[in-house]
Amino acid sequence: MSRAKIEISGLSKSFGSKKVLRSLDLDVPEGQSVVVIGGSGTGKSVLLKCVLGLMEPDAGSIRIDGEEMVGASRLTVEQLRRKFGMLFQGAALFDSIPVWENVTFGLLATGRIERRDAREKAVETLARVGLPAETANLFPAELSGGMQKRVGLARAIAAEPEIIFFDEPTTGLDPIMADVINDLIRDCVKELGATALSITHDMASVRKIADRVAMLYDGRIIWEGPVADIENSGNAYVDQFIHGHAHGPIQFGQPARSA
Amino acid sequence: MINPFRIVGHGVLGACETVGEIVLFAFRAVARGLAGPYYLHQIWRQMVDIGYYSLPVVGLTAIFTGMVLALQSYTGFSRFEAESAIATIVVLSMTRELGPVLAGLMVAGRVGASMAAELGTMRVTEQIDALSTLSTDPMKYLIFPRLLAGMLMLPLLVLIADVIGVMGGYLVGVFKLGFGPVEYINRTFEFLQAEDVISGLVKAAVFGFLVALMGCYQGYNSGRGAQGVGTATTRAVVSASILILTANYIVTEIFFSR
């Protein structure tokens, strides 16, 4: 396995008395797509926010290319974020500016592109996610949910990041559009040669975009392996989750202590 | 059993914590904003939103306040034959007190609420998180332009409100109460000093900062969902209004002691 692009070790995060992450360990190998699966409220989004530097963990370490992110200065975190692209669950497009400005926002903010060249770059990036040039002048409110996701993806890849994060990329989309987004994610990540870390509970998405899968339960990664092994994980929790059975070791309100 | 000391203590500690958070929020926004880069487009947009779009509501408030002031002063002052002081009363009341306070409260209702709702929605829809991931500090991009615009535009609005308020008094004084136009204008400027106007403008700058600060703080820290945004909006208007009235006394006291 190639070297780890993201190394997470001993990551803990609590909200009051609720322990969401309990000394979580996870490595994301360079150039691979790792998908973290888990039920609602298991801490997937908290994990992602900690890695993005949007939330300060209580303990543990997050290293990006060997550089520590937890407790780092604001400047270091900002420098590390330049390697990131992120597709948010609801796309999180800025509704006061047109699509082309949304797509090139990161490039303009960091001075990596001149304003006069931004529109052309946006049109080019929109084409990569299958959107016509006319979309560039629209405002986010004028787009359908699927188009918003595509624009969000275009914004995530516009700066050709080394690492791309996907937060529930297919939530709220019909199955066909979800498959289109999955294909786009797969293609974009491969084209860029980027490392990807996604969180989802959509198994169709997992099977399409993952190289490796990690299951988060009770604040820890309880199983991790190649996507091809997920059907034969030998883990009762994983089996229950991927087949969506109501009965099994995962009980609502009764988190297990060991896998 | 209910322990009153515990309830009071909890309330006091909670209030202290909130005040501390607001002060730190303001400090962080100003310090980071001043360090640049400056988002001039954002600053301009906020200046237009706060200054230009608040003009109708502030203007209407000012003209009717000036008119009422003239009428009420006449009713009271005619009892001891001091009607000639009406123009002075109108101009001093408008410039020193009513212009800044009423404009501040109107802007708190219009702009403070809209800032809290906009930022709250941005928080709920993860747009603020998105800004951070795109190497843009939300403090510099969202908060500082609003604070700066609030501080710059409210004095301008108050200056206009002062003029419109005096004009309202003039209309009532001349066309209803029978004062001569020249006499009314002369009386208006007879006892007016630069400090009267300046103290009002200083108040306006403080109020503008407070309105923007409360709108930004409440919106930025908004809770989840529609209810969270609604609560943030209400809190922004209520807290800004209370702070305006409190700061009004403090600034008046400072000018009064000089």
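Because the structure is predicted, anything quoted here is derived from the model rather than measured. Just so it is clear, the values below take in all heavy atoms, side chains as well, and ignore hydrogens, waters and symmetry mates. Below, read A as the first sequence line, B as the second, and so on, with proteins coming before strands; counting in each chain starts at 1.
Taking the side chain as every heavy atom from C-beta outward, Thr133(B) and Phe165(A) never approach each other to under 4.5 Å. Counting heavy atoms from C-beta outward, Met86(A) and Glu126(B) have side chains that stay 4.5 Å or more apart. Looking at Phe88(A) and Thr125(B), their side chains never come closer than 4.5 Å, going by heavy atoms from C-beta outward. Arg82(A) is listed as a side-chain neighbour of Ser135(B), based on a closest heavy-atom distance under 4.5 Å. With a 4.5 Å cut-off on side-chain heavy atoms, Glu78(A) and Ser132(B) do not count as touching.
Along residues 54-76 of chain A, the residues that come nearer than 4.5 angstrom to chain B, judged on non-hydrogen atoms, are Leu54(A), Arg74(A) in order of number. Contacts between residues 103-110 of chain A and chain B, counted as heavy-atom pairs separated by less than 4.5 Å, involve Phe105(A), Gly106(A), Ala109(A), Thr110(A).
Heavy atoms of Gln79(A) lying under 4.5 Å from chain B are absent altogether. Using a 4.5 Å cut-off between heavy atoms, Ile128(B) makes no contact with chain A at all.
Within 6.0 Å of atom NZ in Lys83(A), more than 12 heavy atoms from other residues, nucleotides or ligands are found, so the atom counts as buried in its surroundings. Atom CD of Glu142(A) is surrounded by more than 12 heavy atoms from other residues, nucleotides or ligands within 6.0 Å.
Here the closest non-hydrogen pair linking Gln127(B) and Asp95(A) is NE2-OD2, 3.2 Å. When all heavy atoms are compared, the tightest approach of Ala130(B) to Ala92(A) is CB-O, 3.9 Å.
In this structure, the separation between OG on Ser96(A) and CZ on Arg45(B) is 4.5 Å, given to the nearest 0.5 Å.
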Item to complete: Given side chain to side chain contact (heavy atoms under 4.5 Å, CB included), test Leu134(B) with Arg81(A) step by step and report yes or no.
Response: CA-CA 7 Å; Leu134(B) 292 164; Arg81(A) 277 191 188 139; over 6 Å; no
